[in-house]
Trainee: 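Sharing a structure here in structure tokens format.
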Amino acid sequence: NAGVIQTPRHKVTGKGQEATLWCEPISGHSAVFWYRQTIVQGLEFLTYFRNQAPIDDSGMPKERFSAQMPNQSHSTLKIQSTQPQDSAVYLCASSLNGGVSYEQYFGPGTRLTVL
Amino acid sequence: GDSVTQTEGQVALSEEDFLTIHCNYSASGYPTLFWYVQYPGEGPQLLFRASRDKEKGSSRGFEATYDKGTTSFHLRKASVQESDSAVYYCALRYTGNYKYVFGAGTRLKVIA
């Protein structure tokens, strides 16, 4: 079991460029979550998929951020026209399902730096 | 809204010292409480959880007791090691709800 895989581990973009972050959940896990981690805001929920369907995107900034899960083996988080305030560690987590009885397993994160 | 407060932003200890990291929560219902640990370059990983009043969670020498009366879930360890240096997060979730509410985290540095 390789755990949750996130690529790339580090990404540097210029202001205004697009960034796409990839997540491969643990095989057999039907729930995928995205979080953003910054020193100021800590860990913030962004969005949640279950069985590839978007369930809750209430934490996603309404503009420039989008997430997809085209198949059960990967999810992407896309940030258009990146801004310096988007600099953060973006964490993906998966669990057997979304219920509280099931632990969320976090990936190592992608550190995004916007210059 | 629900919230989790960790009093200490940073804690510095020597090996074999006693550790306490304070966690208090504010919640309208009866949440499950968690402690997560995050090592550099890794995502948070679950230490343990507790779901009922007076339930004790424990792992790797760390422990915490769910106290509904004082709305607390303080993390303790009797004798820390250098390898315990990490960031510790207290969090809550409600049954049937997938969303965590995380505390701000406490950075523990243990000096050999």
Side-chain angles (χ1 to χ4, degrees), chain A residues 1-10 21 23-26 29-51 53-60 88-111, chain B residues 1-10 21 23-52 55 57-60 66 73 86-107:
Chain A
N1 188 342
V4 175
I5 298 172
Q6 289 191 250
T7 55
R9 293 294 310 274
H10 302 273
L21 314 180
C23 170
E24 181 179 331
I26 293 171
H29 283 192
S30 65
V32 170
F33 306 81
W34 285 95
Y35 295 83
R36 178 167 61 182
Q37 185 175 35
T38 62
I39 292 175
V40 174
Q41 298 293 335
L43 276 157
E44 300 175 280
F45 167 84
L46 293 177
T47 190
Y48 162 46
F49 294 86
R50 187 170 64 225
N51 294 320
I55 302 299
D56 183 346
D57 66 354
S58 59
M60 294 275 276
V89 175
Y90 290 85
L91 292 162
C92 177
S94 71
S95 73
L96 278 172
N97 68 41
V100 74
S101 299
Y102 296 96
E103 178 181 350
Q104 290 186 21
Y105 293 84
F106 286 82
T110 295
R111 180 176 296 278
Chain B
D2 301 329
S3 65
V4 174
T5 301
Q6 292 179 236
T7 310
E8 300 89 357
Q10 295 187 81
I21 297 176
C23 171
N24 287 90
Y25 68 93
S26 172
S28 55
Y30 210 146
T32 295
L33 303 177
F34 301 80
W35 276 103
Y36 274 81
V37 59
Q38 185 175 24
Y39 299 100
E42 299 181 12
Q45 54 184 273
L46 180 66
L47 259 183
F48 53 81
R49 78 185 81 192
S51 303
R52 301 179 303 276
E55 180 180 355
S58 64
S59 175
R60 310 184 212 174
Y66 194 138
F73 194 53
V87 179
Y88 293 81
Y89 291 95
C90 184
L92 65 82
R93 264 169 75 185
Y94 288 102
T95 300
N97 192 328
Y98 45 84
K99 277 190 187 174
Y100 285 102
V101 176
F102 284 97
T106 298
R107 183 175 300 276

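Here the structure is a predicted model, which means the values were calculated and not measured. Numbered from 1 within each chain, the chains take letters A, B, ... in sequence-line order. Only heavy atoms go into these numbers, but all of them, side chains included; no hydrogens, no water, no symmetry mates.
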Trainee: Minimum heavy-atom separation for B/G41 to A/P108, with atom names?
Mentor: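 Residues B/G41 and A/P108, closest heavy atoms: O-CB, 3.7 Å.
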Trainee: Would you call the rings of B/Y100 and A/Y35 parallel, tilted or perpendicular if under 30° counts as parallel and over 60° as perpendicular?
Mentor: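 It falls in the tilted class, 30° to 60°.
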Trainee: What part of B/Y39 lies closer than 4.5 angstrom to a heavy atom of chain A: side chain, backbone, both or neither?
Mentor: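 Neither part, no heavy atoms under 4.5 Å.
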Trainee: Shortest non-hydrogen contact from A/E103 to B/Y36?
Mentor: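 Shortest heavy-atom separation between A/E103 and B/Y36 comes out as CG-OH, 4.3 Å.
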Trainee: Quick check: are there more than 12 heavy atoms from other residues, nucleotides or ligands sitting under 6.0 Å from CZ of A/R9?
Mentor: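 Buried by this count: over 12 neighbours within 6.0 Å.
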Trainee: Measure up the A/F106 and B/F102 rings against each other and bin them: parallel (under 30°), tilted (30 to 60°), perpendicular (over 60°).
Mentor: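 Geometry flag for B/F102 against A/F106: perpendicular rings.
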Trainee: Would you say A/Q37's side chain and B/G43's backbone share a donor-acceptor pair under 3.5 angstrom?
Mentor: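 No, the answer is negative, given that no donor and acceptor are paired below the 3.5 Å cut-off.
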